[in-house]
Structure formats: structure tokens, C-alpha cells
Number of protein chains: 2
Amino acid sequence: MPRLGMEPLRRRALIDATLNAVGERGSLDVTMSEIAARAGVSSALAHHYFGAKDDLLFATMRHLLAELHREAVPALREAASPRERLDAVVAVSFSPAQFRAEIVGAWLAFYVAAQQAAPMRRLLRIYARRLHANLMAGLTPLLPRAQAAEVAEATAALIDGLYIRRALKEGEPDPVSAVALVRSYLDLRLGSQGGQA
Amino acid sequence: MPRLGMEPLRRRALIDATLNAVGERGSLDVTMSEIAARAGVSSALAHHYFGAKDDLLFATMRHLLAELHREAVPALREAASPRERLDAVVAVSFSPAQFRAEIVGAWLAFYVAAQQAAPMRRLLRIYARRLHANLMAGLTPLLPRAQAAEVAEATAALIDGLYIRRALKEGEPDPVSAVALVRSYLDLRLGSQGGQA
DNA sequence: TAATTTTGATTGACTCATCAATCAAGAAAA
DNA sequence: TTTTCTTGATTGATGAGTCAATCAAAATTA
């Protein structure tokens, strides 16, 4: 079996497996054996590549963040106006790739774990800062700074809230209505040049 | 030691201990021994009164829901107008008793656990339905039904979002600004007869 | 009232299962 | 043959749940 250059493939497979396992279960207490089995390898190999379980979980969370970033960068580059920038932030947050049940479940699990694990908390802080910065970039040209800050805070809370409600599946917010809801809030706040009545 | 009628006291102490432990740790994997120790009894006694660990956790979650309800009922009764009713819902959600770090941490932990445990999911559904009903009761006199539903959804998401952001402590939303933020949203949606500019 | 029985309250010690982490050894390339 | 992968088997720790035994208040009886 041992072909050369397996390392990157196995790392990737293990991270994907972790993501799926964590996302489905909605919690970080998945066993190394389960993760390894999903990736088609032994648990010993998972330890070989990642060291401790925590390291694998951390790497998985970082992967999640990286994916979000990878999707956000081009979307923001294409945005011509401040309002388009805001719409891009919202669109990415609820993109089909990001708003899937497993991904949302994984986010939630990491969110919780971050309360105890400092490294994860740091990662989450990066996400929060990026989101805030992106929102402010779109808002400050349109609103006085204090109002912009309030709207950014509310929008971020709205996004997080829709995520958590999505995690409690069973029919709750689909991507389309989630985007519509946040945009409708922005319309209202920005003087609704473009929203429905 | 065994005075008669210890049962209700012990049950209460164990539930409180569970709440504190879970809230501080922000996760349900606290040991029965730790909980029991906090309550000043042995782990065996916790099992004696509650059976399995799951049952104790479930009872604790139910307690949380009951406390929220107990606070909401009088507040809603005193509300004279629809708008006051809405304000009451918001006020209770962020009341000092509810918006404490441990309580919020516990809610988050239960939220996550509910993804796997059907009984907890059912409890959470009750909470969601109550919140929705209370919001709609305040909104339907003021808005067409479709809009009322959208505002209720957004408000609920906003509340949940502020909770989750609060859980990631470190300076995030204090009760006062959280209330202000949600009310400001409602002002805007309802035509702001009574909010600040 | 004093002795006796009953019963709720409580625990320490034990069992059993689970799981992360390690390690020595094996198989396939190079 | 050396290096890169890979695993089965093992270990050590932890934690849920059980059980037999103890303790002391309350109820009963004499």
C-alpha cells in the first residue's frame, strides 16, 4: 500500500473525515478510531500525522476558516460598491458550501470547544475580526462610524443567530431566506434603495 | 444526618451544581463526581436521585427553561400594549438572571447536545415555539402577518446570536447594549414611534 | 419513656467499558 | 537495504453506573 507522497493526501482525508464526523455528531467527542475509519486508515496513522487528537481538531478548524476565506476573497474583490461588498459578505456566509448542515454543526461544536481551548478561541477571534472588518468596510462609506459599528454588530449577531438556528435543523432557515433576511435588515438600515416594501 | 425530606433539597442542589459546572465549562462533559462534589454529596447519591447522567442533564435543562418561563409570565402580564409586550420579551431574554455568563454557557452547551439527544431537542423546540409565539403576539397587531413572521424570525435570530456572542466572553455584549440593539431593530421595523433617532 | 423496628439517606469500593496514545513490527517502494 | 507508510496489539487513565453496607431519624410498640 505505501505509495510515496501519501502525507498530503492522508492529512486531507483525515481532516475531511474529522469535519464530517464532527459536523454530523455536532460535537467534538468523536473517537480517533471513528475518524480514522472514515478516512480509511488506522487510528495509529492519524496520530502519526497529527500527533494528539487536539492537533487534528485544531487543524480541522483552521481548514474551515481557510475555506471561508478562500471563498470570501474573490467575492469581495468583485464587489464594486460598498453595498455590493456587504451583499458579498452575506452571500458567502450563507453560500451552499458554507451553510450545509455538517459545516454548521462543525462550527457550532468548535464554537463551544473554543470556550475551553485557548488556541481555538484565538482562531475564532480571527474569524470574528475578519467578519467585522469586512462589514465595516462596506458600512463606513454609508453611515456615520458609530451607526456603522452598531449595524456591523447587529449583522454579525444576525448571521451567528441564523447559523445556530440552522444547526437545530428540522426545517429551519434555508440559505435563500437567510440571505433575504439579512439583506432586508441592511436595506432598512441603509435607507432601502433596492429592498421590497 | 438523614433528616426526612432531603429529596427536594438534594435534587435542587444537584441541579444547581450541574448548571454551574456546565455553565463554567461550557460543555456537558463534566463528571458526575464533580457535580456531586459541588453539591456536597457523593456521586452515588446523584445517581440515586436522578438515575443516569443524561437524566440529570435533562432535568437541569428543564430547570433552565422553567426559570425563563417563570420570569417571562409576570413581565408579559404587565405589558399593556403590543410594543410593551415585545419589549418585555427582549427584557427577559437579557435580564440579569438570564444573561449571566454561566447561564449563557449552559444554554450553548445544551443547544449543542440537543443535536444528538432527542429529548433535549424537544425541550429546545418548546423554547423556540414560546419565543416565537410571544413575539408574534406583539407583532401581529402592528404588522401584516407575513411581515410579522419575518420580524419575529429576525428578532429570534438576533437574540440567539447575541447569546452566542456573549458565550465567547471577553468583553462582548453586555445586557444593556444587547437590549438596545434589539429594540433599535424593532423601532426601525415598526416605524420608530418611541426610539431614538 | 425506653426499646425496637422501619425506612430514607448516604457512601466507599468495585466493575466494566471506552478511548487516547504508544510501540514494535511489517509491507511496499526506492 | 534503507526509508516511507501503515497497522494490530497493548497500555493506562478516566468515568459511568452498581451494590452492599452504614447511619440516624421517625414510627411503633411495650
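Just so we're clear, the structure is a prediction, and the values are computed from it rather than from any experiment. We name chains A, B, ... by the order of the sequence lines, and we start the count at 1 in each one.
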Mind checking what makes ring-ring contact (aromatic ring centres under 6.0 Å, His included) contact with B:F99, not counting sequence neighbours?
->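 Residues passing ring-ring contact (aromatic ring centres under 6.0 Å, His included) with B:F99: B:F94, B:Y163.
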
State which residues pass ring-ring contact (aromatic ring centres under 6.0 Å, His included) with A:Y111; sequence neighbours excluded, sorted by chain then number.
->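 By the ring-ring contact (aromatic ring centres under 6.0 Å, His included) rule, A:Y111 matches no residue at all.
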
Hey, can you pull the residues of residues 43-55 of chain A with a non-hydrogen atom under 4.0 angstrom from DNA chain C?
->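 Correct list: A:A44, A:H47, A:A52, A:K53.
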
Which of residues 9-18 of chain A sit near DNA chain C, with a heavy atom under 4.0 Å from it?
->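 Of all residues in residues 9-18 of chain A, none places a heavy atom under 4.0 Å from DNA chain C.
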
Side-chain donor-acceptor pairs under 3.5 Å in residues 52-64 of chain B, sequence neighbours left out?
residue, atom, partner, partner atom, Å
B:K53, NZ, B:V30, O, 2.9
B:D55, OD2, B:A52, N, 3.1
B:T60, OG1, B:L56, O, 2.8

ring-ring contact (aromatic ring centres under 6.0 Å, His included): which pairs involve residues 115-160 of chain B, sequence neighbours left out?
->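 The answer is B:W107-B:Y127.
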
With sequence neighbours left out, what residues match B:D16 under salt bridge (Lys or Arg N to Asp or Glu O under 4.0 Å)?
->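 In terms of salt bridge (Lys or Arg N to Asp or Glu O under 4.0 Å), with neighbours along the sequence ignored, B:D16 is linked to B:R12.
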
Kindly write out the residues that satisfy salt bridge (Lys or Arg N to Asp or Glu O under 4.0 Å) with B:R11, not counting sequence neighbours, or none if the list is empty.
->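 Counting only residues at least two positions away or on another chain, B:R11 forms a salt bridge (Lys or Arg N to Asp or Glu O under 4.0 Å) with B:E7.
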
Could you state the [atom1]-[atom2] distance from [X] to [N], rounded to the nearest angstrom?
X	N	atom1	atom2	value
A:I35	D:dT7	CD1	P	15 Å
A:F58	C:dA20	CZ	P	19 Å
A:M32	D:dT10	CE	C1'	17 Å
A:L28	C:dC19	CG	C1'	15 Å

Nearest-0.5 Å distance, CD1 of residue A:I159 to CZ of residue B:R165 |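 These two atoms lie 9.0 Å from each other.
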
Using atom types as modelled, flag every donor-acceptor pair under 3.5 Å from a side chain in residues 138-145 of chain A to any protein atom, sequence neighbours excluded.
residue, atom, partner, partner atom, Å
A:T140, OG1, A:M136, O, 2.8

Kindly point out which of D:dA16, C:dT11, D:dT7 is positioned nearest to the side chain of B:T31?
->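 So the nucleotide nearest the side chain must be D:dA16.
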
